[in-house]
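What you see below is based on every heavy atom in this structure, not just the backbone, and it leaves out hydrogens, waters and symmetry mates. The first residue in the sequence is number 1, and the count goes up from there.
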Amino acid sequence: MLQNRGIAQASTIDWNTLMKTKKATWKNMPAAQEMGFENLGIDTLHGYAKFVDNHTVEVNGEQYQADKIVIATGQKPRKLNFPGSEYTHNSNDVLDLDNLPKKTVFIGAGIVSMEMATLLAAAGSKVSIVEFLSRPMMAFSEKHVMNTVEDMKKRGIDFYFNQGVSEIKKNDDQYEVITSAGTKLTADYVVDASGRIANVDKLGLENTDVQLSKRGSIIVDDYLETNAKGVYAAGDVIEKKQPALVPTAHFEATYLGDQLVNDKHDPIHYPIIGASAFTFPQVAQVGVSVDEARDNDEYTVVDMDHMFNTDMEYAGKNDQSAKLSLVYNKQNQLVGAAESSQNAIDDLNGIIPLIGLKITKEQLNNSYQLIFPAVNFKTEFMG
């Protein structure tokens with residue numbers, strides 16, 4: 001982005017070295033985590049856990065009983081079923097690739113697909129994304145998502161919206177991806193990034209009173225307890241309105257640990273949780289949806305694009321397409337935000353406390369001044 005603006009040569013990604021470094025860095029992580037558990041007096045087992053009944057779990061032929069059991073198996077990649085789907089790979093496979101594909105096709109345009117497409121394209125792969133819907137990442141603000149899409153297109157990433165994949169044909173060492181609209185794409189590597197589903201199929205839940213939603217996620221109450229008394233669930237495996245993100249799962253785990261260890265009985269109350277995609281530009285949002293607020297008289301949406309065009313921080317980064325939208329309620333409190341920019345995640349991490357603590361314009365401007373440049377300069381037209 002800064003080439004020909006004082007940077008003589010753009011940086012490049014050496015995929016082989018990058019993957020060797022990544023694997024070496026994370027190689028000892030599982031063992032370190034396990035040692036941490038053992039140091040806390042926690043026994044660890046390796047194997048698949050399967051329920052025998054509500055309070056009995058079998059692992060490697062041994063049965064274990066407990067009054068309280070927590071399910072935290074997360075999600076796993078979904079695999080579509082169509083002719084040639086056996087040739088597709090999932091997101092886990094991408095992060096284990098020793099060699100960079102010359103041409104990559106992603107099926108689906110969710111967060112994982114958009115992030116990995118950004119990475120592979122930056123490394124030099126020719127990337128195409130096929131999406132059944134009219135745009136990517138439907139949970140995010142349309143304006144800010146499409147702003148990022150336009151930037152990704154400029155960097156050579158092709159999008160094929162309103163098209164599903166009908167078939168994949170193998171031709172020697174390449175693949176022909178055929179869409180429902182008749183589009184034919186050639187690829188060395190095809191990624192099924194159509195979504196993720198609750199990782200429950202091997203748990204033997206049919207032997208318990210645990211119930212699943214229509215989407216296959218575990219149903220819990222306001223205490224994260226399932227229909228089986230004493231059996232709890234947390235993280236991405238449960239059915240919930242909150243975004244399935246690391247901060248959400250971390251909050252649920254902390255809450256549940258406190259409740260069980262200290263024998264508490266308080267319902268869970270979720271904090272303000274931001275959502276993001278590590279694309280380039282980044283996309284992030286928090287609080288009241290910008291798209292929903294535009295159609296609701298209870299809210300006012302202020303688009304800050306005009307300020308971004310002259311903002312020193314963004315001008316210095318040559319971020320000419322940055323867009324920020326703020327949502328205010330009738331009391332002139334900041335209740336939502338969405339942004340697409342090179343710095344969107346950091347920006348919204350600064351905005352999240354303003355929403356969560358219900359800080360007013362006067363408090364923001366008069367009680368303290370953040371290090372420049374900071375969030376208070378991006379929200380200077382509050383209220």
Identify, with sequence neighbours excluded, every residue that meets salt bridge (charged side-chain N to carboxylate O under 4.0 Å, His left out) alongside [X].
X: Glu167; value: none
X: Lys202; value: none
X: Asp209; value: none
X: Glu292; value: none

Consider only side-chain N and O atoms of [X] and [Y], and report whether a donor and an acceptor are under 3.5 Å apart.
X: His46; Y: Glu34; result: yes
X: Thr148; Y: Ser340; result: yes
X: Gln174; Y: Asp188; result: yes

Task: Residues Asp303 and Arg294 bridged, charged N to O under 4.0 Å - done: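 Yes, Asp303 and Arg294 are salt-bridged.
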TODO: Run the salt-bridge test on Glu339 and Lys323 with the 4.0 Å N-O cut-off and return the result as yes or no.
DONE: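 Salt bridge absent between Glu339 and Lys323.
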Task: Residues in side chain to side chain donor-acceptor pair (under 3.5 Å) contact with Asn16, at least two apart in sequence or another chain - done: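 Residues passing side chain to side chain donor-acceptor pair (under 3.5 Å) with Asn16: Asn99.
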Task: With Leu212, the side-chain contact (heavy atoms from CB on, under 4.5 Å) member among Leu205, Asn227, Ile219 - done: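 Single pass found, and it is Leu205.
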Open item on the list: Once side-chain hydrogen bond (donor to acceptor under 3.5 Å, both in side chains) is applied, what residue pairs with a partner in residues 115-130 remain, sequence neighbours excluded?
Closed with: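 Checked against side-chain hydrogen bond (donor to acceptor under 3.5 Å, both in side chains) - neighbours excluded - the pairs reaching residues 115-130 are Thr104-Ser125, Lys126-Asp158.
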Task: Side-chain donor or acceptor of Thr183 paired with backbone N/O of Thr179 under 3.5 Å - done: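 No, because the side chain of Thr183 does not come within donor-acceptor range (under 3.5 Å) of the backbone of Thr179.
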Task: Min side-chain heavy-atom separation Asn90-Asp93 under 4.5 Å - done: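 In contact.
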- [ ] Please tell me if the side chains of Lys76 and Ile197 come closer than 4.5 Å, counting only heavy atoms from C-beta onward.
- [x]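 Yes; the side chains approach each other to less than 4.5 Å.
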TODO: Hydrophobic side-chain clustering at under 4.5 Å (ILVMFWY, transitive links): who's grouped with Ile178? Put none if nobody.
DONE: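 In the cluster with Ile178 there is nothing else; it is isolated.
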Open item on the list: Clusters formed by hydrophobic residues whose side-chain heavy atoms approach within less than 4.5 Å: which one holds Phe37, and what are its other members?
Closed with: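 Via sub-4.5 Å side-chain contacts, Phe37 links to Leu40, Ile42.
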Open item on the list: I'd like to know whether the aromatic ring centres of His89 and Tyr189 sit less than 6.0 Å apart in this structure.
Closed with: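 When the ring centroids of His89 and Tyr189 are compared, they turn out to be within the sub-6.0 Å range.
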TODO: Could you tell me which residues satisfy side chain to side chain contact (heavy atoms under 4.5 Å, CB included) with Ser276, sequence neighbours excluded, listed by chain and number?
DONE: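 Counting only residues at least two positions away or on another chain, Ser276 forms a side chain to side chain contact (heavy atoms under 4.5 Å, CB included) with Phe278, Ala284, Ile345.
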Task: Residue pairs passing the salt bridge (Lys or Arg N to Asp or Glu O under 4.0 Å) test where at least one lies in residues 254-282, sequence neighbours excluded - done: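 Residue pairs with at least one partner in residues 254-282: Asp258-Lys264.
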Task: Partners passing ring pair (Phe, Tyr, Trp, His ring centres under 6.0 Å) against Tyr87 (at least two apart in sequence or in another chain) - done: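 By the ring pair (Phe, Tyr, Trp, His ring centres under 6.0 Å) rule, Tyr87 matches Tyr175.
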Open item on the list: Under the rule for ring pair (Phe, Tyr, Trp, His ring centres under 6.0 Å), what residues qualify as partners of Tyr64, not counting sequence neighbours?
Closed with: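 Expected list: none.
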- [ ] Take Gln63 and Thr56 through the side-chain hydrogen bond (donor to acceptor under 3.5 Å, both in side chains) test and state the conclusion after the steps.
- [x] CA-CA 7 Å; Gln63 292 190 357; Thr56 306; 5.4 Å; no
